Protein chains: 4
Amino acid sequence: MSGNTFGKVFRITTWGESHGKGVGVIVDGCPPRIPLDEGVIQEKLDRRRPGGSDTSTKRKEPDQAIIMSGIFEGMTTGTPIMIMVNNKDADSRAYASNAHLFRPGHGDITYEKKYGIRDWRGGGRSSARETVGRVAAGAVASLLLQQHNIQVIAYTIELGGIKAVKRDLHAVYQNRYYTSDPDVVEEMDRRVDMVKKKGDSLGGMVEIVAKGVPAGLGEPVFDKLDAELAKALMSIGAVKGIEIGSGFQAAQRLGSENNDPILPDGFSSNHAGGILAGISNGDELVMRVSVKPIPSISIPQATIDKNGRPETISTSGRHDISPIPRINAVCEAMVNLVLADHLLRQKAIS
Amino acid sequence: MSGNTFGKVFRITTWGESHGKGVGVIVDGCPPRIPLDEGVIQEKLDRRRPGGSDTSTKRKEPDQAIIMSGIFEGMTTGTPIMIMVNNKDADSRAYASNAHLFRPGHGDITYEKKYGIRDWRGGGRSSARETVGRVAAGAVASLLLQQHNIQVIAYTIELGGIKAVKRDLHAVYQNRYYTSDPDVVEEMDRRVDMVKKKGDSLGGMVEIVAKGVPAGLGEPVFDKLDAELAKALMSIGAVKGIEIGSGFQAAQRLGSENNDPILPDGFSSNHAGGILAGISNGDELVMRVSVKPIPSISIPQATIDKNGRPETISTSGRHDISPIPRINAVCEAMVNLVLADHLLRQKAIS
Amino acid sequence: MSGNTFGKVFRITTWGESHGKGVGVIVDGCPPRIPLDEGVIQEKLDRRRPGGSDTSTKRKEPDQAIIMSGIFEGMTTGTPIMIMVNNKDADSRAYASNAHLFRPGHGDITYEKKYGIRDWRGGGRSSARETVGRVAAGAVASLLLQQHNIQVIAYTIELGGIKAVKRDLHAVYQNRYYTSDPDVVEEMDRRVDMVKKKGDSLGGMVEIVAKGVPAGLGEPVFDKLDAELAKALMSIGAVKGIEIGSGFQAAQRLGSENNDPILPDGFSSNHAGGILAGISNGDELVMRVSVKPIPSISIPQATIDKNGRPETISTSGRHDISPIPRINAVCEAMVNLVLADHLLRQKAIS
Amino acid sequence: MSGNTFGKVFRITTWGESHGKGVGVIVDGCPPRIPLDEGVIQEKLDRRRPGGSDTSTKRKEPDQAIIMSGIFEGMTTGTPIMIMVNNKDADSRAYASNAHLFRPGHGDITYEKKYGIRDWRGGGRSSARETVGRVAAGAVASLLLQQHNIQVIAYTIELGGIKAVKRDLHAVYQNRYYTSDPDVVEEMDRRVDMVKKKGDSLGGMVEIVAKGVPAGLGEPVFDKLDAELAKALMSIGAVKGIEIGSGFQAAQRLGSENNDPILPDGFSSNHAGGILAGISNGDELVMRVSVKPIPSISIPQATIDKNGRPETISTSGRHDISPIPRINAVCEAMVNLVLADHLLRQKAIS
């Protein structure tokens, strides 16, 4: 059973490959009568566009969203919303020369082993381009969440080892790394420049906060809110770790340190990250993901070809230096999707 | 839509509360003709029994597994396998006195807000006792995996800040903390004793390794193997973080450091943790979880009652000092369940 | 992917075989705070008990329902409700002599071919005894529906060719065939007696009506209300046909005859059976199912054994003459389950 | 939870409205390496085109299928296959004048009540145009089934009361009604002409046969093969009844008449319609559906407007006289989809 559908009540199915005819998504289960047009989707898509920052490629990738179904007179109708973006800038020649090789750190070898066939043009289905559908669907989810005063924001807290100290959410979209700490932007610039010259790439960390989430979302014992968020975020290509609230620090804490005392006006700390026993507790949701460096680097690497013979590969070209900050929009979208789904799931039994 | 079912093809649904009549699980989708009896299940259940180590409570909790359906003449039949354990040691009086209070770090407050009613006896559905069903089902999954030479093992790599250095998997079941490093057992003992005296509790870390996993498991783009593992493990009560392979260290690495070069006889490193683009690559799966301290401590904590009035609570009683090592069996079970499910999902399209 | 789960939001999973340790069901997704005890379930189970009428076997089959989880202080808690009935009267000797044969009209041959193993005791999983779980779950669903003034009733409209003329719903539980027409009871008696003497069996028809269903239930384009009802009813062992409203008569009607004109106070006819475009229209739901005769008959029939050799089989014993009227309770349960599920599904987007 | 997805392992999700930008489908879970191009899909789509017979409208509706994703070098890749048809002939003016009225027999009133908004242009989502996606997906399913020598054919056995006597499957695509009995074509012509002059419409019956289905498909106890077929077929707009094998005649048969004796070389009759206990038995699958007349007629009918005021409506225009024979291609597609899904479901446990 394939895995291209996410969510149970607010549910999306993405389709498309990097260099196929297009990419897109069906959003099914969105309540009717929500105002929706292409502008809202476009705004979110633009945030994951390459070229927005120094870590990203210089490709022109307009990504014009088209809503093909599910709206009438500017409103959702309760029927499936299909949103697509036609692929335009798809020159596969750069990939053809390496089509017989498995790029280290990429899904080339695993797609080949799983399916016995793979579309090697631009990474095919495993390309980050697939996330266009996620971000478009996340935009629809965010409209539903707005009606309930829920807001999700993702921001860079580390890039190539440079850590953000501040958590100034107003600063996030004012700088090219979408970091909450504008004071580290210059240092990040220097780090990026240095690595770019070497033909290498960088990882980092993204923190995501959700404000206004009511208590009661999450479905124990398996579809707990934190479990669903973990899956949602780990399903993003470059993510290798996820933590909620105190996360990995919880391992070294005492119970008396890690518990959040409950006062009449709320929790006095938020080590839980806003989730207790898999259900939102009314506090802010706080989570962080670890992002691995882009595996495509121009530094030569050892690999094998389809027949198992040793080769050396150098994947120079129009590649990003880091998934950050483009991945932030995808993290935001995935959290929006989880929350929209659980908001509706809770409504069903309320 | 509630969330008590896990898996798509090999699928389980757990039921039961801590102090209800029993706890159990339906395993649906298990292939027919797999030899199965209660002994296999009992062995796994015994590993999550309290009393096995110094971190655990001294309750007597026999947990005798009964297979109620789905087997005939010692073999699975392809029909639902219901396994249950009757609750015997259920004295709810200790809980009655705190029934009106929300224990910090527990799901009391969130269950109340979500459902408007909660079974406060022993934590009800949010009790760790629910994991009996998971472990029983995981035992069934492990039999299927054995037929494919896949083996999963979970072991303690940190307890109360004491870190295991060695990865000696043969040592795991030879010590009371199920750690891979027998040399740190004494230090863990001292740490546990000290904290026990203070009425506090401890967190830690568990690493899980899966050997023999064939390349090709995992269903992009949402049901990627790492995404499913993240969900599976994060759905366990005390888990606050999950990482695969290089995990959170990937954030600080260069692409040239983090990529695993591919040689004719396999990968020369395993930063990927055995998963590329959400599909197993044939290498060992390696993942780690962060486990928070047991929130029930005898040290008094601030909380509120059901009417929002401030109170102080001390949850002394028969509580474990740490979810470790009992949680290890649950981690193992969840990974077994994910792998069994994806093994069958891959069969469907092969 | 196995098929023992029914429903999406109000969802049940049944388990158990005819002569195993018991049969039962998990009801997951039932809203919290609905008063529930074993009495309500018992009442419905008693209606599908053998011995209630002349068409049924004389076995004593007490079927005492036990609620194992999901209730607290007499109310549902929103957690899985596991209801079970222990098997008591399970003498498998009568079946042992025919264990190597495939009974015509039964699932013996297909279970063998599908799973390569089958529990031949009492029909195993394909026994009508599996419906205990359905009826118990249907009782829970009916409590939810009652809160919304929805009521479902199933009644016999044909038995062995004897057709009910009247539709007197008050008469249904006043006669042993659960027919809406008490005037045909004697004729049915004679038909049953005659067939019983010959060692043969009878089919018939059941009509099911649902009153008080609000407009708006059903989820196009695949989970239409009529599609879901068709699946629900066709999943009952003996059912071979299902029709909604004008059903098979619609084939011979003109559009001008079959359309239901809409007046300010409602539809002036109900050929639609209460469903338009897969969504309830506020009128009564009306559907009918065709029930085949019990395949177990004492008249000798040609069959083969497991090795394909020709044999003759006579399945005398404690068998019903007709699935009717015991099947009525199952039909009622399945319709209750569909409506409960769709009521909650609609809530999620309202 | 919305209902636009069908199937579990071989799974489709349709999108699109009659007069929106297009209609289409995502096919997810199709095995890789199946040769696929637009020609195969086009052939099936052409069979549901209007204009193919005297019962159909004269609209030009080219329905050019475009495969947007999921194929590479003429083969499926195991990733989602998105197939779409752009809407071209969408003049909504004819509908605008009746936009405030609920057409009898249509989903206008129920969509309005369910969603509080509806796309009244051409019936919107409830239009038969939605079935373009089903037929396209069914074409993909048929390619998978062909590899297993399974073939499905649907044919008209009744139109406006005129019944086919013969079952000559070679004749089916040789006549404009897709009937298995060419001898009744002229009589059907006369019936259609007469009704057309009166501005009325006709119902009928379609029989569907599946040849080569191996024993063992179907997933008891809810996803039985007959239950899934019933749902699949009842989810088609005009279908009001479905029967398998002896169907509604089973109600009047004795067990000794209805059972199919088993001989060493197979069943000596097929009252079961190829399914026993919800699992295919190796015989031909045989099922029939009742199709109601097209509700759009030019004869004036009573209805109400959105404010509940009485009105008279006459829906003249480019409407078919009967869903038959265009619906046959849809029936065929739905049966193909069920069989493809269950073929893969069975593979998972074999």
Side-chain angles (χ1 to χ4, degrees), chain C residues 1-3 6 8-9 102 104-105 107 110 113-114 126 130 158 161 200-201 203-205 215-216 219 221-224 226-227 230-231 234-235 240-241 243-244 247-248 250-256 258-259 261-262 264 276-277 279 281 290 292-293 295 297 299 301-304 308 310 345, chain D residues 1-3 6 8-9 102 104-105 107 110 113-114 126 130 158 161 200-201 203-205 215-216 219 221-224 226-227 230-231 234-235 240-241 243-244 247-248 250-256 258-259 261-262 264 276-277 279 281 290 292-293 295 297 299 301-304 308 310 345:
Chain C
M1 188 180 171
S2 54
F6 186 81
K8 296 282 174 68
V9 175
F102 301 132
T110 52
K113 296 212 172 182
K114 181 176 189 67
S126 71
E130 175 269 329
E158 189 175 333
D200 216 332
S201 61
M205 283 186 67
E219 297 292 337
V221 295
F222 295 113
D223 296 353
K224 288 174 172 174
D226 39 2
K231 174 175 174 175
M234 195 69 98
S235 78
K240 293 301 283 181
E243 59 178 6
I244 312 273
F248 277 87
Q252 294 168 12
R253 289 207 179 131
L254 296 169
S256 58
N258 196 63
N259 285 346
I262 317 179
L276 279 170
I279 303 170
N281 65 12
S290 158
K292 75 171 185 178
I297 54 176
I299 297 172
Q301 303 170 87
T303 191
I304 57 174
R345 288 171 77 165
Chain D
M1 188 180 171
S2 54
F6 186 81
K8 296 285 174 68
V9 175
F102 301 132
T110 52
K113 294 211 173 183
K114 182 176 187 66
S126 72
E130 175 269 330
E158 190 175 332
D200 215 331
S201 62
M205 283 186 67
E219 298 292 338
V221 295
F222 296 113
D223 297 353
K224 289 175 171 174
D226 39 3
K231 175 177 173 172
M234 194 68 97
S235 78
K240 294 300 285 181
E243 59 177 6
I244 312 273
F248 276 86
Q252 294 169 13
R253 288 205 179 130
L254 296 169
S256 57
N258 195 63
N259 285 344
I262 317 179
L276 278 170
I279 302 171
N281 65 11
S290 158
K292 76 172 186 178
I297 54 177
I299 297 173
Q301 301 171 86
T303 191
I304 55 172
R345 289 171 76 166

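Nothing here was measured: the structure is a model prediction, and the numbers come from that model. Chain naming here is simple, since letters A, B, ... match the order of the sequence lines and numbering starts at 1 in each.
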Enquirer: Heavy-atom distances under 4.5 Å only: say whether V9(D) touches chain C with side chain, backbone, both or neither.
Expert: side chain
Enquirer: Taking the side chain as C-beta and beyond, is there a heavy-atom pair between M234(C) and I244(D) under 4.5 Å?
Expert: yes
Enquirer: Chain C: which of G3(D), G203(D), P104(D) shares the most heavy-atom pairs with it under 4.5 Å?
Expert: G3(D)
Enquirer: Just how far is it from atom CZ of F222(C) to atom NZ of K231(D), taken to the nearest 0.5 Å?
Expert: 9.0 Å
Enquirer: Quick one: does S235(D)'s side chain have a donor or acceptor within less than 3.5 Å of a partner on A227(C)'s backbone?
Expert: no
Enquirer: Among G255(C), S2(C), P261(C), G107(C), single out the residue with the greatest number of heavy-atom pairs under 4.5 Å to chain D.
Expert: G255(C)
Enquirer: Out of G161(D), S126(D), G308(D), A230(D), return the one with the most heavy atom pairs under 4.5 angstrom to chain C.
Expert: A230(D)
Enquirer: Of all of S256(D), A215(D), A277(D), G105(D), which one pairs up most often with chain C through heavy atoms under 4.5 Å apart?
Expert: S256(D)
Enquirer: So what's closer than 4.5 Å to chain C heavy atoms on N258(D): side chain, backbone, both or neither?
Expert: side chain
Enquirer: Taking side chain as C-beta onward, heavy atoms only, is E219(D) less than 4.5 Å from K114(C)?
Expert: yes
Enquirer: Looking at N259(D) and P295(C), would you say the former's side chain and the latter's main chain have a donor-acceptor pair under 3.5 Å?
Expert: yes
Enquirer: So what's closer than 4.5 Å to chain C heavy atoms on L254(D): side chain, backbone, both or neither?
Expert: both
Enquirer: Between D200(D) and chain C, with a heavy-atom cut-off of 4.5 Å, which part of the residue counts as in contact: side chain, backbone, both or neither?
Expert: side chain
Enquirer: How would you list, by chain and number, every residue that makes a salt bridge (charged side-chain N to carboxylate O under 4.0 Å, His left out) with K240(D), sequence neighbours excluded?
Expert: none
Enquirer: Taking all atoms of both residues into account, what is the closest heavy-atom pair of T110(D) and L276(C), and its distance?
Expert: OG1-O, 2.9 Å
Enquirer: Does P264(C) reach the side chain of P310(D), with side-chain heavy atoms less than 4.5 Å apart?
Expert: yes
Enquirer: Between the main-chain N or O of G216(C) and the side-chain N or O of K113(D), is there a donor-acceptor pair closer than 3.5 Å?
Expert: no
Enquirer: Heavy-atom distances under 4.5 Å only: say whether K224(D) touches chain C with side chain, backbone, both or neither.
Expert: side chain
Enquirer: Select, from E130(C), K292(C), E158(C), M1(C), the one with the greatest count of heavy-atom pairs under 4.5 Å involving chain D.
Expert: M1(C)
Enquirer: Check whether any side-chain N or O of S290(C) sits under 3.5 Å from a backbone N or O of G247(D) as a donor-acceptor pair, and report yes or no.
Expert: yes
